Each structure stands twice: as structure tokens, then as C-alpha cells.
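Notes for the one structure printed next.
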Amino acid sequence: MRCAAPAPARRPPRSGPGARSHAPGALPGAFRCRTRRASRPGGDEPMRRLSNQLIATRREPPADASAVSHQLLARAGMLQQAGAGLFTVGPLLLRTLQRIEAIIRDEHDALGCQELRFTHLQPREPWEASGRWQTLTEDDPIMLRTRTRAGAELGLGPTHEEQAALFAAEGVSSHRQLPMVLYQIATKFRDEPRPRSGLLRTKEFTMKDAYSYDADETSAAATYERLAGAYERIFARAGLDTLRADADVGAMGGTMSAEFLAPAGIGEDFVAASDAGSYRANTEVARAALTAPPAPEERPMSVVETPGATTMETLAPFVPDVPAERMVKTLLYGVTTADGGHEVVAALCRGDRSIDEDKLAKATGATEVAMADADLIRRATHADPGFAGPVGLAGDVRVIGDHAIADVQGFVCGGNATDTHRRDVWWGRDVALPELADLDRVADGDPAPDGGTLSLTRAIEVGHVFLLGTRYSEALGLTAAGPDGVERPVWMGSYGIGIERLAAAIVEQHHDDKGIVWPTAVAPHTAVVVTVRAGDADQDALAEQVTGQLLDADVDAVWDDRDARPGVKFADAELIGFPWRITAGREAAAGRVELTWRATGETEVVDAVDAVSRVAEDARRHRVRQSPR
RNA sequence: CGGGACGUGGCGCAGCUUGGUGAGCGCGCCUGCUUUGGGAGCAGGAGGUCGCCGGUUCGAAUCCGGCCGUCCCGACCA
């Protein structure tokens with residue numbers, strides 16, 4: 001059966017930023033015509049109707065969805081779990097991902113970056129050359145592997161620095177070809193030990209990864225900044241609130257790194273941000289600005305009897321003239337090193353501070369740190385727990401202190417004998433200043449380096465930029481001749497954005513008790529036109545007209561012509577989160593519709609033409625080249 | 001990988017402690033009639049190897065063992 005359709009009229013060719021590159025493939029008539037269908041008035045495309053689409057909303061989320069974003073996306077039918085950390089992206093969610101990708105392309109292309117595509121399957125050899133095969137397959141086996149029938153080993157790309165260096169090595173020979181940025185938007189595979197929170201942490205995900213190439217460090221730093229600037233614009237355009245923060249360079253190796261963190265209750269990271277505005281860092285690397293306590297008059301070191309004083313609070317009365325800033329805490333840890341060995345580490349910090357175990361692990365090169373148990377403490381300190389100090393520790397204990405302890409003199413510390421402490425201890429005079437590192441755990445209210453006060457916020461990492469230096473270019477032979485004719489390794493940078501995670505973060509930030517509230521720029525459709533009562537001639541005619549006008553105005557609109565009760569259609573529209581709802585109801589015969597803004601629920605009754613122009617104006621502000629339509 | 005929990009029609013759950021009585025409830029789905037501005041009502045109907053394998057038993061969704069899968073909390077990342 002074929003549906004009656006007006007004779008196709010030629011649409012004028014389109015041009016400009018919103019141009020459509022092709023008409024969507026039409027489905028076989030029998031399928032498409034499941035319900036009534038009309039072609040676009042004056043157009044040659046089938047009208048987009050929800051009655052022709054799979055809308056699989058449900059009241060309840062699947063039992064194993066705990067993250068709000070996972071629950072809502074699943075309830076909206078935009079998502080289906082295929083396995084642990086594996087998700088099928090439904091048609092509506094795919095549109096959102098494509099919009100995000102369009103914004104990313106737009107910002108990258110504006111900087112002159114070039115898009116390309118690396119292979120997913122990568123031979124072992126380049127990974128060997130960069131020294132990462134062992135790291136990524138054994139130490140932290142995040143790379144999935146396979147073998148060809150001939151026996152060649154392949155890794156399923158978790159990232160592409162090696163390939164990026166190799167690709168450029170073939171074409172780049174002179175500094176005159178630089179700076180240059182290549183990027184791709186493609187699937188990454190990571191054998192995550194523990195997928196989590198729906199789309200926030202998966203084994204397979206889409207990533208935009210970019211690689212920058214510069215002749216020297218100065219130029220590389222400038223490129224890095226330009227990309228970081230693009231990242232801020234990308235997230236802002238996508239409607240996501242993010243903070244740029246100093247970050248850990250981590251396993252990637254490099255010299256500078258920043259993360260883009262989207263504040264959200266479910267985030268796995270904490271940003272320490274200063275209220276003075278110029279300092280922001282992931283707590284993994286954040287530093288509080290600690291002022292050195294004034295040194296007291298120099299006196300010889302002495303022992304104080306401190307029965308039962310195993311905590312700062314109980315110790316204070318025994319040394320009433322010494323503030324906590326002038327004490328040195330000694331905490332003992334059992335540490336497992338990368339090679340599988342074990343050592344005992346004494347971590348020192350100021351009495352008023354505490355140790356960040358992540359920082360300690362990093363500083364000691366440990367894969368695991370655990371507070372020492374009582375037996376271990378007795379062996380290391382010859383005392384009961386609570387009386388450890390740097391003076392007279394067992395010889396096999398590695399001592400490492402936070403930077404701040406170097407500024408403390410004439411301090412109080414544990415006596416390494418039960419019920420005793422030492423006071424008036426001076427570095428250099430009574431005990432050698434140990435190895436120093438950043439071990440300090442920052443907390444809400446700490447003084448910030450820029451003079452403000454730090455506060456901690458939970459956040460989702462949606463982007464990460466690294467200035468890599470020459471590690472990969474040296475390993476893989478990527479060099480460029482300088483103006484002096486001498487070949488030098490190219491400076492590289494690496495820049496990633498997790499696409500699905502970004503979408504999930506947007507949902508985490510933009511939802512209410514009814515469902516998702518997509519920002520216009522990334523909504524699967526900008527507007528839904530709802531007929532209150534399918535089959536009502538006035539409503540159908542008006543809805544069809546309005547939908548057509550919206551499409552003609554380059555607004556991504558869809559008509560909910562399903563023969564369902566209005567409550568169902570309203571609830572679905574709110575759950576899926578279309579920014580605008582245009583309702584053709586009681587006043588349809590008079591050419592008036594209700595215009596509802598999803599974010600606030602605000603509704604006005606307006607003439608249909610006014611509704612169209614209002615929505616078109618919002619769409620125009622958020623339009624991106626190459627957006628899906 | 002350590003710790004905790006779960007697996008019963010498409011989805012959410014009860015039943016299991018104390019083995020046996022027609023495997024049940026809500027949502028969804030199908031048919032018919034009525035209804036039509038906030039997830040309709042009535043009537044009828046379809047749909048389940050109770051994750052898998054093995055054991056105990058006259059008899060197992062239920063007890064025991066193993067395996068698989070999934071989620072949550074901890075060590076990692078976009």
C-alpha cells in the first residue's frame with residue numbers, strides 16, 4: 001500500500017551553515033506508512049513523525065542502572081545495555097552524540113585542525129617502541145589484544161599516540177610544516193576493570209582524540225593553550241558547565257596537563273577551586289598555600305613524657321606552647337611497588353595537615369599503599385602505634401615528607417618510644433631533612449595559592465589535555481629540521497574528549513523529576529509538535545503545517561502524531577527532554593498552539609507562526625554546521 | 001583483583017527462611033468495546049527451560065556445590 005502524497009515540488013537548493021547535504025534515506029513505503037503519512041508540504045522529504053519511529057520509553061529504569069543519567073537515558077529508550085560497560089546507542093541518543101561531534105568538529109576545524117582516522121587494530125611493534133606494550137598489557141592490562149591467524153599480535157586501540165607519531169613521521173620533515181594538529185572521532189576500547197555508572201565509564205566508547213605537533217616547546221605550549229581554549233568553547237556550546245583544572249600527567253608521560261571537569265554529584269574526581277578565581281586543580285595535584293610557622297628560640301632537643309597521647313588532640317596539652325603547625329606527624333605505610341616488592345614508608349606531614357594516599361603512591365612509585373598495622377609499626381618505631389617520629393626510625397624504613405615540613409623548625413614529633421614525644425627538633429641539627437614530595441591532602445577551606453580559599457567539588461572528567469613533549473616522537477622517529485637545518489624531535493600534545501561521557505554528564509547536570517532537559521544545542525530534536533488528539537482534523541492540519549514550517553526554517557522538529565493519550569505524549573516529551581514542545585490542541589482551529597519550554601515548564605498560548613519563529617530563533621543561536629537533521 | 005549483593009515472562013518485583021498445594025503481582029504487549037488536555041476503564045488473551053551445570057530428595061524456583069552474568073564499595077581513566 002502506498003500512501004497518498006502530494007506531487008513532490010522541487011525545493012530550492014540550500015546553502016549556508018545549515019545546509020543539508022542529502023535527503024535522509026526513505027524507508028520502504030509499506031514500513032513507513034504504518035500510520036498515516038504525509039510528505040512535507042512543498043517538500044520532497046517524508047514528514048518526520050514519531051508514529052514511524054521506535055519510541056521505547058518506560059516508567060521504571062532497569063534495576064542495575066544507578067546513575068541518574070543511566071536511568072533517564074534507559075527510561076527514555078535512548079540506551080540499552082549489551083554487557084558490562086557496553087551500550088547500544090539508540091537513534092535518539094545517536095543524534096545527540098552527532099550534535100556533540102558536530103560542535104567538536106566545528107571548533108577543531110576553526111583552528112585548522114585536520115580530521116583523519118587511525119586504525120582500531122594496532123600492531124604490537126609501535127607500542128613496543130614507545131615502551132607501552134608492557135605497561136598496557138601487563139602492568140595495567142587495559143589494552144584488549146588479539147592475534148591474526150598468522151600470529152601477529154594486535155592491540156585494540158585504547159589511545160593513539162603511537163599511531164599519531166608514526167603518521168606524522170612519514171609526512172613531516174621541516175619546522176615549516178608545523179604547528180599542525182590532527183584529530184579523529186572514533187571508538188576506543190579499554191578493558192576497564194570496573195565499568196561504572198552507565199555511560200560514564202565503559203569498555204567501548206567514542207572519543208575525540210587530537211594530536212598536536214610543534215617544532216619547539218614554546219610553540220607547543222601555545223598550541224596546547226589554543227586547544228584548551230577550544231575545549232572550553234566546546235563544553236560551553238554543548239551546555240555543559242565545566243572547570244578547567246591542573247591535572248596529573250599520569251601514565252601518559254608529559255610536562256603539562258589539564259582536565260575539564262563537569263561538576264556533578266556522581267563524579268569520580270574532586271576539583272579544588274579557589275574563590276579568588278585563578279587557581280583550580282584536581283585534588284590529585286592540588287596544593288594548598290601553607291605559610292611556615294615561625295621558628296621558636298633555638299633550644300636543644302628534648303624528650304617529653306606523653307602517656308596515651310596518640311593523637312594531635314591528646315598530645316596538645318603536653319606541649320601547650322606548640323601549635324599543630326609546628327608538629328610533624330609521622331604515618332607508616334606498607335607499600336607495594338611496581339615490581340611487586342614491599343617496603344615500609346614513613347610519610348611525614350605537618351601536624352595540622354594530613355597525607356593524601358594517592359599522592360603518596362605516586363611519590364613512592366607504589367601500586368598500592370596501605371596504613372601499616374600495629375606489628376609493622378612496632379617493628380619500625382620500637383613503640384606502640386601513635387608515637388612514630390623521624391628521629392631514630394628503623395633503618396629499612398623509607399622516609400618521605402611533604403614539602404611543608406621543610407619550613408617547620410623546633411618542632412614536636414613522636415619519640416619512637418611508647419608514651420614519649422620529642423620537642424625542639426631541628427632539621428639538619430637533630431635529624432636529616434628527608435626526601436620531599438607533595439603529599440598534602442587539600443581540604444575545603446585551605447588557603448589557595450592565589451590568595452583565596454579552596455573549596456572541593458565532585459566532578460566528572462570529560463576532557464583531558466596533555467603536553468607530551470618528545471617522548472613519542474623520539475621513540476617513533478618523528479623529527480623536523482629546524483631553521484638551522486638540524487633535525488630535532490617534534491613536540492607533541494594529546495587531547496581527548498569522551499563523547500558518550502560528555503552526553504551523560506550533560507544529563508547529570510540537566511534533568512529534573514520528569515526527565516532529561518537537553519540543552520538546545522545537543523537535543524536529539526529541537527522541538528516536538530504534539531497533537532493532543534490524533535485524528536482531529538484541525539489539530540492534524542495545524543501540526544503538520546507547523547512541523548513543515550519548522551523544518552523549512554531549518555529547525556530539527558518532529559511531529560508526535562501517535563494515537564496515544566495526551567498524558568502519554570506529554571510525559572514522553574518531558575522524559576526524552578526535547579527543549580520545545582508545541583501543542584496543537586483546543587485552539588488549533590484558530591491557528592493557535594501552546595509553546596512550552598522544557599527547562600521551566602513555562603507555557604504560552606500563541607499564534608502558530610509566532611511559535612515557529614520563537615523556536616527557529618533559539619535553533620538559529622545553537623546551529624552548528626554538519627549537525628544531524 | 002579484594003569486599004558486598006543480585007539473577008524468576010519485554011521491564012520492575014514477590015515467592016526461597018520451613019522442598020510438594022494450579023509460578024504470582026504491577027507495568028508493558030495483543031483483541032474488542034467505551035474513553036480522549038497529564039502515563040484511561042471494562043472484558044478477553046498471549047507470553048516463563050525460575051541464569052547454566054551437577055548434587056541431595058519419592059519430589060527442587062526453594063537445600064548443597066561449581067560455573068557464568070550483572071550491579072555496588074575500594075586501587076585506574078575520556
Side-chain angles (χ1 to χ4, degrees), chain A residues 56-67 70-71 74-75 77 80-86 104 135-136 139-142 158-159 185-210 231 247-248 250-252 257 259-262 266-269 282 284 336 357-358 361-362 366-370 460-466 494-505 514-515 530-536 539 562-575 581 583-588 594 596 601 603:
Chain A
T57 55
R58 51 187 96 258
R59 282 170 200 265
E60 290 180 286
D64 49 15
S66 57
H70 185 184
Q71 293 181 347
R75 282 187 53 208
Q80 189 187 55
Q81 180 156 8
L86 300 170
I104 290 174
T135 333
L136 296 183
D139 303 348
D140 178 19
I142 206 154
T159 177
I185 297 177
T187 307
K188 292 279 184 284
F189 302 89
R190 294 188 185 174
D191 192 2
E192 289 286 344
R194 178 147 116 74
R196 211 185 300 222
S197 308
L199 243 29
L200 287 175
R201 189 180 195 72
T202 55
K203 292 193 179 201
E204 181 184 314
F205 60 97
T206 315
M207 178 162 136
K208 186 288 305 181
D209 46 324
Y231 270 40
D248 182 26
M252 203 69 84
S257 174
E259 284 169 343
F260 294 84
L261 297 154
I266 196 170
E268 298 177 0
D269 290 84
N282 190 307
E284 291 169 0
T336 308
E357 292 180 11
D358 291 335
K362 218 171 301 159
T367 55
E368 209 180 307
V369 291
I460 300 163
E461 182 192 355
V462 290
H464 203 153
V465 296
F466 298 90
S494 154
Y495 312 83
I497 294 177
I499 310 290
E500 288 89 348
R501 181 184 279 190
L502 175 46
K514 295 194 178 78
V530 176
T531 34
V532 167
R533 188 170 178 168
D536 177 286
Q539 294 182 15
R562 293 176 298 168
D563 182 16
R565 298 175 69 84
V568 171
K569 297 201 264 195
F570 294 160
D572 278 355
E574 284 154 351
L575 175 59
R581 188 180 87 212
T583 309
R586 292 191 192 94
E587 304 198 46
E594 285 155 42
T596 305
T603 297

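Since the structure is predicted, the reported quantities are computational estimates derived from the model, not experimental observations. Here is how names work: the chains are called A, B, and so on, in the same order as the sequence lines, proteins then strands, and each is numbered from 1.
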Any base atoms under 4.0 Å from [X], or only sugar-phosphate, or nothing? Heavy atoms, all strands.
{"X": "A:T206", "result": "nothing"}
{"X": "A:P193", "result": "base"}
{"X": "A:Q539", "result": "nothing"}
{"X": "A:D209", "result": "nothing"}
{"X": "A:T603", "result": "nothing"}
{"X": "A:G463", "result": "sugar-phosphate"}
{"X": "A:E268", "result": "base"}
{"X": "A:V532", "result": "base"}
{"X": "A:P61", "result": "sugar-phosphate"}
{"X": "A:E357", "result": "nothing"}
{"X": "A:R581", "result": "base"}
{"X": "A:A84", "result": "sugar-phosphate"}

**Asked** Between the base of B:rG28 and the side chain of A:E60, is there any donor-acceptor pair under 3.5 Å?
**Response**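 No, no donor-acceptor pair under 3.5 Å.
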**Prompt:** Is there a donor and acceptor pair closer than 3.5 Å between the side chain of A:R501 and the base of B:rC77?
**Reply:**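 Check passes, donor-acceptor contact within cut-off.
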**Message:** Angle between ring planes, A:Y495 versus A:Y231, binned at 30° and 60°: parallel, tilted or perpendicular?
**Reply:**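 Aromatic pair A:Y495/A:Y231 classed perpendicular.
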Report the nucleotide, chosen from [options], that has the shortest atom-to-atom distance to any side-chain atom of [X].
{"X": "A:A63", "options": "B:rG12, B:rA78, B:rC72", "result": "B:rG12"}
{"X": "A:D64", "options": "B:rA40, B:rA78, B:rC71", "result": "B:rC71"}
{"X": "A:R565", "options": "B:rA40, B:rG38, B:rC13", "result": "B:rA40"}
{"X": "A:Q81", "options": "B:rG37, B:rG38, B:rC71", "result": "B:rC71"}
{"X": "A:F466", "options": "B:rA78, B:rG38, B:rU70", "result": "B:rA78"}
{"X": "A:R533", "options": "B:rC77, B:rU36, B:rG12", "result": "B:rU36"}
{"X": "A:R194", "options": "B:rA78, B:rC11, B:rC73", "result": "B:rC73"}
{"X": "A:S66", "options": "B:rG37, B:rC71, B:rC11", "result": "B:rC71"}
{"X": "A:R196", "options": "B:rC72, B:rG38, B:rG37", "result": "B:rC72"}
{"X": "A:R586", "options": "B:rA78, B:rG37, B:rC11", "result": "B:rG37"}

Output the rounded distance in Å from [atom1] ([X]) to [atom2] ([N]).
{"X": "A:F570", "N": "B:rU36", "atom1": "CZ", "atom2": "P", "answer": "16 Å"}
{"X": "A:E204", "N": "B:rA78", "atom1": "CD", "atom2": "P", "answer": "17 Å"}
{"X": "A:E259", "N": "B:rA78", "atom1": "CD", "atom2": "C1'", "answer": "10 Å"}
{"X": "A:I266", "N": "B:rA78", "atom1": "CD1", "atom2": "P", "answer": "18 Å"}
{"X": "A:E192", "N": "B:rC71", "atom1": "CD", "atom2": "C1'", "answer": "16 Å"}
{"X": "A:L86", "N": "B:rU70", "atom1": "CG", "atom2": "P", "answer": "8 Å"}
{"X": "A:L575", "N": "B:rG28", "atom1": "CG", "atom2": "P", "answer": "15 Å"}
{"X": "A:D572", "N": "B:rC27", "atom1": "CG", "atom2": "C1'", "answer": "14 Å"}

**Request:** Looking only at non-hydrogen atoms, find the nearest pair between A:I142 and A:E192 and report the distance.
**Result:**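 Closest approach of A:I142 to A:E192: CD1-OE2, 4.1 Å.
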My understanding is that a pair needs two contacts under 3.5 Å, Watson-Crick or G-U wobble. By that rule, which nucleotide pairs with [N]?
{"N": "B:rA61", "value": "none"}
{"N": "B:rU21", "value": "none"}
{"N": "B:rA75", "value": "none"}
{"N": "B:rC6", "value": "B:rG69"}
{"N": "B:rG38", "value": "none"}
{"N": "B:rC29", "value": "B:rG45"}

**Request:** State, yes or no, whether a side-chain contact exists between A:R501 and A:T202 at a heavy-atom distance under 4.5 Å.
**Result:**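 Counting from C-beta outward, A:R501 and A:T202 never come under 4.5 Å.
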**Item:** A:K203, NZ atom: more than 12 neighbouring heavy atoms under 6.0 Å
**Value:**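 More than 12 within 6.0 Å, yes.
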Whole-Å [atom1] distance, [N] and [M]:
{"N": "B:rG28", "M": "B:rG47", "atom1": "C1'", "result": "12 Å"}
{"N": "B:rG12", "M": "B:rC58", "atom1": "P", "result": "38 Å"}
{"N": "B:rC11", "M": "B:rC52", "atom1": "P", "result": "15 Å"}
{"N": "B:rC71", "M": "B:rC30", "atom1": "P", "result": "31 Å"}
{"N": "B:rC13", "M": "B:rU18", "atom1": "C1'", "result": "23 Å"}
{"N": "B:rG22", "M": "B:rA5", "atom1": "C1'", "result": "33 Å"}
{"N": "B:rC53", "M": "B:rA75", "atom1": "C1'", "result": "34 Å"}
{"N": "B:rG69", "M": "B:rA40", "atom1": "P", "result": "40 Å"}

Distance (rounded to the nearest 0.5 Å) between [X] [atom1] and [Y] [atom2]:
{"X": "A:K569", "Y": "A:R562", "atom1": "NZ", "atom2": "CZ", "answer": "7.0 Å"}
{"X": "A:I104", "Y": "A:I497", "atom1": "CD1", "atom2": "CD1", "answer": "4.0 Å"}
{"X": "A:K188", "Y": "A:E500", "atom1": "NZ", "atom2": "CD", "answer": "11.5 Å"}
{"X": "A:D248", "Y": "A:N282", "atom1": "CG", "atom2": "CG", "answer": "8.0 Å"}
{"X": "A:E204", "Y": "A:D191", "atom1": "CD", "atom2": "CG", "answer": "12.0 Å"}

**Item:** First encountered from the 5' end of RNA chain B, between A:D358 and A:V568
**Value:**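 Result of the comparison: A:V568.
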**Message:** Taking the nucleotide of RNA chain B with the nearest heavy atom to each, does A:A67 or A:R58 sit closer to the 5' end?
**Reply:**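 Here A:R58 is the residue nearer the 5' end.
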**Request:** Given side chain to side chain donor-acceptor pair (under 3.5 Å), test A:H464 with A:S257 step by step and report yes or no.
**Result:** CA-CA 7 Å; A:H464 203 153; A:S257 174; 2.7 Å; yes
